[in-house]
Amino acid sequence: MTTASRLFDTPSWKRLPGADWCWLLSHRERAFDRFRKGGVPDRGWEAWRYTDLGDLAQRRFDFDTSLEGGLSESWTPDPGWPEGHRILFRNGRWDTAGSKLLPLPPGARLISLQHAVQGQLPLLKRYLGQIASLEGHPFAALNSARFDDGLLLYLPEGCVLEQPIYCRFEMERYAEQEPPAAFPRLLVLMEAGSQAQLLEQHRGDGSVKALTDLLVEISLGNDARLFHGRLFGAELTDQRVSGVHVNQQRGSRYQSYSLMMGGALVRNDIQVSLNGEGAEALLDGLYLLDGMQHLDNHLRVDHLQPGGRSDQFYKGILDGHSRAVFNGLAVVHPDAQRSDARQINRNLLLSTGSEIDTKPELQIEADDVKCSHGATVGYLDREQLFYLRSRGIDPDNAQALLTLAFAREGLQRLPAGELADAYGRAITQALTARLEGQPQPAVGAGEVSDE
Amino acid sequence: MSGSLLSIRQLAVQVEGKQILDRLDLEVRPGEVHAIMGPNGSGKSTLAHVLAGRPGYEVTGGEVRYDGQDLLALEVEQRAAKGVFLAFQYPVEIPGVSNIQFLKTALNSLRKQRGEPELDAMELLDSVKARMAQMQMDEALLYRGVNEGFSGGEKKSNEILQMLVLEPRLAILDETDSGLDIDALKRVAAGINWFRREDRSLILVTHYQRLLDYVKPDYVHVLQQGRIGRSGGAELALELEQAGYAPTSGTAPERTGGVR
């Protein structure tokens, strides 16, 4: 039995896990205070100028959404995805019956954040809320105040997790209740030389007008390596606001691949601090949008130490009246000599009603750096179309082939193998479904490029 | 004219208001190889593109009949289905579409338009690989993006490979020899010679004579000021190599090509 409330209504602290842990409670209260003072961002905020959150502040949500029953066994990965640790989050909560963990190497921990908080693990005090910056990130503040579950992954020095960790986020709604709001929190702590793959899969049954505010904090020790896949399924219709905050030490490598196909409104914030020499961040993304979908990508990489490399490569295909935002920023601080920062955002518009607002930005405060950025917005390439047609391929098929080729281009940057193949199949499936029986995409003039 | 596969009469073409082809005549019968030569800007490539149906060319006069039909009324892919093939001077790179996927889609599209059943994937692969072996092409190119990162020679070989796989009736090769070293030129020429058959015709658009050392044409035409200025046999190419494309004092013949 629950009562719905608004985002600004003070949470019932006692019902949140760790209520008897003073440190955590005061952390929550400070975060909530910050959120309430800042408010739900409106379009007056530079970082939100293209995204209208509308009546979010007024809407009522069901916050106490623990679900009982319903599942008796864990979900199975779609065919072709490699076997791994499977964790199901239903309305933001780790669902034990729906999850299945594989044996872990010695010293590694993979537990629900709720348990970690209840056990008052000292690690939490050291890291939780220390990686994410709440300043200017209202939803990070909101999550910090309200999170009630999530996961803690800890890998000791040199620990290599062979199998990926899947985190599947599903939102469900009880009949006659307000839409659920969930605040899952992932804390990923990897010591020097450790390696892992973390794969988020955002799912929904299409009928729930839910809100998810996900916050991911990642700390990578020297030479640690993390592949972070994020998949927003095509069938999603709810709102998902997510922030990923990464702190990297010397020689570490963070690679993310975000495949965003669904959601009425998706916010993809990725903030990386290269805090050690020679650290590397590769941020790839592909969005396939249609209808009235809205996606807002905000990437920021801070080069704080010498010899770091960052590479943002985002591509998108927009149809219908969909709208996407790409705001990519790389800041090269004065000490970060020999930095290499690259940003590319390419967009293919399949309809005249779709819109992209793209802004790759560089701020350079060091003199010995290699930086480049560029954005393109265009339609299908006439020369390629003619080439295909001259070989007998009809215009519809030629367009489908080129659209698919555009989407798949970034895949070669992923580590070769099952994962890249699985993403490739997901892309092909989603695009094929969309291109079938579609009106012909616009072709030709209007290429804009400053690449 | 009966017996012609391709019959071009008084063809006039403008590009952005500029007259490029001006009352051009050409007859090509099955089994014939015609070389079209001429200085830069004489309209050689325009002729090749107009025949293949590239957008951006305005036909202001004349007609082109192919196998008894009005070629210019057909869509690009319909021309391909009827057996017209253009080997591009600058083959287009298509990252993300593998070469084999491209060949398979193209061949099955052609077969579909002709009402023929699709080819079995293994059968197709075997026949493509056999032709690649003939052309001394690396099989790895099949799994790369179409022309993506190919060397100049690989791109031109890839055009010839497509020609051998798709088996057109009229192949138009637009400066296929340009930019090739001698070994690549020989491989491309060998491919063209394998293609030659009494029921297939070729138009070789070329600036230089050297391809014709390896592919002997039945006719050589010199394009000048948008029409065919001179025609002759294979020996004309050699003569041009010596004397260059200096304007001839003689008058242009009324009709060229197919005149023995």
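Since we're looking at a predicted model, the values are computed, not measured. Residue numbering restarts at 1 for every chain, and letters A, B, ... go by the order of the sequence lines.
In this structure, CE in Met260(A) is found 14.0 Å from CZ in Arg240(A), a value given to the nearest 0.5 Å.
Ranked by non-hydrogen atom pairs under 4.5 Å with chain A, the options Thr105(B), Leu166(B), Val92(B) are led by Val92(B). Note: Ala106(B) leads Ala81(B), Ala106(B), Ser98(B) in heavy-atom pairs under 4.5 Å with chain A. In terms of heavy-atom pairs under 4.5 angstrom with chain B, the leader among Ser390(A), Ala398(A), Gly392(A), Ala407(A) is Gly392(A). Listed options Val146(B), Leu103(B), Ile94(B) were ranked by heavy-atom pairs under 4.5 angstrom with chain A; first place goes to Ile94(B).
Geometrically, Lys315(A) engages Phe406(A) in a cation-pi contact defined by less than 6.0 Å to the ring centre and at most 45° from the axis.
No more than 12 heavy atoms of other residues, nucleotides or ligands lie within 6.0 Å of OH in Tyr90(B), so this atom counts as exposed by the packing criterion.
Heavy atoms of Arg79(B) lying under 4.5 Å from chain A are absent altogether. Contact annotation for Gln101(B): only side-chain heavy atoms (C-beta onward) come within less than 4.5 Å of a heavy atom of chain A.
Relative orientation of the His221(B) and His34(B) rings is parallel, given thresholds of 30° and 60° on the angle between their planes.
Aromatic ring centroids of Phe85(B) and Phe195(B) lie 6.0 Å or more apart.
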